[in-house]
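Below is one structure, written out as structure tokens, with a few remarks after it.
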There are 2 protein chains.
Amino acid sequence: MSEIKDRPYHHGDLRRALIDTALDMLATNQNWTFTLREVARRTGVSHAAPYKHFHDRETLLRELARIGFVQLGESLTEAVSLGQPSTRAQFVAAAQACIGFACQNPGLYRLMFSSDADKTIDPQLHDAAMSTFGILLDLLERGQRDGSFRPIAVSALAAASWAQVHGLAMLAINYQLLEEKVGSTPVPTALDVLLDGMCRSD
Amino acid sequence: MSEIKDRPYHHGDLRRALIDTALDMLATNQNWTFTLREVARRTGVSHAAPYKHFHDRETLLRELARIGFVQLGESLTEAVSLGQPSTRAQFVAAAQACIGFACQNPGLYRLMFSSDADKTIDPQLHDAAMSTFGILLDLLERGQRDGSFRPIAVSALAAASWAQVHGLAMLAINYQLLEEKVGSTPVPTALDVLLDGMCRSD
DNA sequence: CCTCCATGTTTACAGGAGAAACTTATGCAG
DNA sequence: CTGCATAAGTTTCTCCTGTAAACATGGAGG
């Protein structure tokens with residue numbers, strides 16, 4: 001109703017439309033080899049129109065990655081505040097949320113951690129990534145305060161668990177966690193191994 | 001002496017020369033956005049010559065990745081057979097070798113684990129990756145037999161440690177293991193946390 | 001009502017991927 | 001030794017992309 005279907009000269013929200021198209025193609029092809037011209041075509045505008053909204057192709061890719069980090073952050077926040085009894089259980093929930101996000105958006109997840117999403121170029125992307133990383137840090141700090149996690153440098157815990165979760169996610173979306181190779185529940189099992197090292201042993 | 005410098009019509013080993021040029025550019029730029037034509041130019045041949053040796057640009061990229069896995073495998077083998085006293089110490093040595101390889105060849109390492117090195121397309125690439133992964137598996141199995149590692153499914157140990165090492169490597173080459181964030185020795189610290197979970201607690 | 005400017009479009013160009021047709025030199029059959 | 005088949009290079013061509021520049025449009029504010 002509020003949308004005029006037959007192409008008024010001005011689109012209304014072309015920026016958002018281009019992003020949606022690109023996200024679609026990313027999800028469909030599981031890669032970001034699409035051309036900017038094709039995004040424009042699929043969105044129904046001329047091939048130069050995107051340049052009014054994105055400086056170049058890579059700027060669009062970084063915006064997709066930024067959106068990915070925001071969405072991942074929401075998933076993590078939701079998982080953490082799901083009311084798991086222990087901090088350890090919250091950690092597992094968050095880890096599984098992250099890996100689940102990766103499996104449901106493999107193309108996007110790969111883009112987020114690829115060199116095409118260079119955080120040193122785009123402060124907004126950098127901030128989004130840091131903000132998402134911060135959710136993990138908060139959880140770890142809380143776990144240390146309540147005595148769940150060992151009182152070693154929180155940064156060491158962060159490095160270990162971030163590496164672990166991200167590593168599992170990458171293995172998962174590359175189909176390298178096949179049952180015949182790593183058993184039927186590789187993710188919780190691997191997380192348990194790590195957590196046994198992270199948690200107080202007393 | 002044995003090389004004729006002034007361009008005989010036939011190069012002699014253009015395939016190898018193209019690979020070397022591409023590896024150089026990969027190392028220099030830390031990315032593989034180079035064009036096939038530029039590789040040809042730098043190698044001193046016409047832009048169509050590479051097609052006599054590689055079906056297309058991506059085939060060349062996969063060959064670079066394959067070579068990377070072979071080299072990584074050599075580093076790992078060397079690290080393992082360095083004669084560390086314990087299996088645990090051997091594991092640390094291998095992990096550090098992997099992370100060291102990544103830091104010294106960040107572009108190549110990223111390519112090896114990117115979607116441009118699709119292992120489902122190229123059996124040789126797949127085999128090279130599996131062979132390298134096998135070094136880790138052997139180490140873990142040996143560690144279980146000698147009682148160093150817990151007697152849980154070796155596949156779970158493999159998933160956990162592979163994820164951890166690969167995750168740390170990715171963090172390292174993305175400059176996300178800065179001292180101010182994760183302390184001065186994030187890698188051994190993170191590995192220790194994992195190993196405490198992997199090793200027998202008695 | 002008129003004019004400005006953000007947001008479109010058209011046109012233009014340099015370069016890349018890759019196919020096809022052509023060239024060269026080398027090894028081998030006679 | 002001759003000569004041809006063939007592998008390995010080159011030239012030429014077509015289609016496509018990214019991106020810049022010039023032009024068009026139409027909605028918001030004076």
Side-chain angles (χ1 to χ4, degrees), chain A residues 1-26 28-29 31-65 111 114-118 121-122, chain B residues 2-22 24-26 28-29 31-65 111 114-118 121-122:
Chain A
M1 292 302 164
S2 62
E3 270 185 32
I4 305 160
K5 290 296 173 192
D6 43 85
R7 322 278 162 109
Y9 192 91
H10 290 98
H11 182 284
D13 196 355
L14 181 54
R15 181 187 164 85
R16 185 70 226 178
L18 291 167
I19 288 172
D20 287 343
T21 304
L23 283 174
D24 267 3
M25 298 179 72
L26 185 55
T28 303
N29 310 340
N31 65 46
W32 53 100
T33 56
F34 53 74
T35 68
L36 202 45
R37 282 166 110 102
E38 195 178 350
V39 174
R41 266 194 301 271
R42 292 259 248 262
T43 313
V45 295
S46 76
H47 62 81
Y51 288 93
K52 299 293 175 184
H53 299 276
F54 303 97
H55 179 261
D56 58 14
R57 184 174 171 280
E58 302 221 317
T59 304
L60 169 60
L61 293 180
R62 282 193 296 270
E63 175 63 10
L64 300 183
L111 171 60
S114 81
S115 38
D116 285 323
D118 188 340
I121 294 179
D122 183 342
Chain B
S2 62
E3 269 184 35
I4 305 161
K5 290 295 173 193
D6 42 88
R7 321 281 163 106
Y9 192 90
H10 289 97
H11 182 285
D13 197 355
L14 181 55
R15 182 187 162 84
R16 186 67 226 181
L18 290 167
I19 289 173
D20 287 342
T21 303
D24 266 3
M25 298 179 71
L26 185 55
T28 304
N29 311 340
N31 66 44
W32 53 99
T33 56
F34 52 75
T35 67
L36 203 44
R37 283 165 110 101
E38 196 178 348
V39 174
R41 266 196 300 273
R42 292 261 246 262
T43 312
V45 293
S46 76
H47 63 80
Y51 290 95
K52 299 290 175 187
H53 299 275
F54 302 98
H55 180 261
D56 57 15
R57 183 176 170 278
E58 303 220 317
T59 304
L60 169 59
L61 292 179
R62 282 192 295 271
E63 175 62 9
L64 300 183
L111 171 59
S114 81
S115 38
D116 285 323
D118 188 340
I121 294 178
D122 183 342

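A, B, ... follow the sequence lines: proteins, then strands. Residue 1 opens every chain.
Between A:Arg41 and D:dT17, a side-chain N or O to OP1/OP2 separation shorter than 4.0 Å is present.
Regarding B:Phe54, its CZ atom lies at a distance of 19 Å from the C1' atom of C:dA19, rounded to whole Å. Here C:dA17 presents its P atom at 11 Å from CG of B:Leu60, a figure rounded to the nearest Å. Rounded to whole angstrom, the span from the NE2 atom of A:His53 across to the C1' atom of C:dT9 amounts to 13 Å.
With sequence neighbours left out, A:Arg16 forms a salt bridge (charged side-chain N to carboxylate O under 4.0 Å, His left out) with A:Asp20. With sequence neighbours left out, the side-chain contact (heavy atoms from CB on, under 4.5 Å) criterion links A:Ala48 to A:Ser46. In this structure B:Thr21 satisfies the side-chain contact (heavy atoms from CB on, under 4.5 Å) test together with B:Met25, B:Val39, B:Arg42, B:Thr43, sequence neighbours excluded. In this view, A:Asp116 and A:Trp32, A:Glu58, A:Leu61, A:Leu111, A:Ser114 satisfy the side-chain contact (heavy atoms from CB on, under 4.5 Å) rule, not counting sequence neighbours. Checked against side-chain contact (heavy atoms from CB on, under 4.5 Å), A:Asp24 has no partners two or more places apart in sequence or in another chain.
Distances from the side chain of B:Ser46 to the nucleotides D:dG9, C:dG8, D:dT17 place D:dG9 closest.
In this structure, A:Leu18 and A:His53 approach most closely via the heavy-atom pair CD1-CD2, 4.5 Å.
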List every contact pair, protein side and nucleotides 18-20 of chain D side both N or O, where the distance is under 3.5 Å.
unit_1 : atom_1 : unit_2  : atom_2 : d
D:dG18 : OP1    : A:Leu36 : N      : 3.0
D:dG18 : OP2    : A:Leu36 : N      : 3.2
D:dG18 : OP2    : A:Arg37 : N      : 3.2
D:dG18 : N7     : A:Arg37 : NH1    : 2.3
D:dG18 : O6     : A:Arg37 : NH1    : 3.1
D:dT19 : OP2    : A:Tyr51 : OH     : 3.3
D:dT19 : OP2    : A:Arg57 : N      : 3.1
D:dT19 : O4     : A:Arg37 : NH1    : 3.1
D:dT19 : O4     : A:His47 : ND1    : 3.4

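Comparing A:Lys52 and B:Lys52 against DNA chain D, the residue whose closest nucleotide sits nearer the 5' end is B:Lys52.
Residue A:Arg15 is out of contact with every strand shown, counting any heavy-atom pair closer than 4.0 Å.
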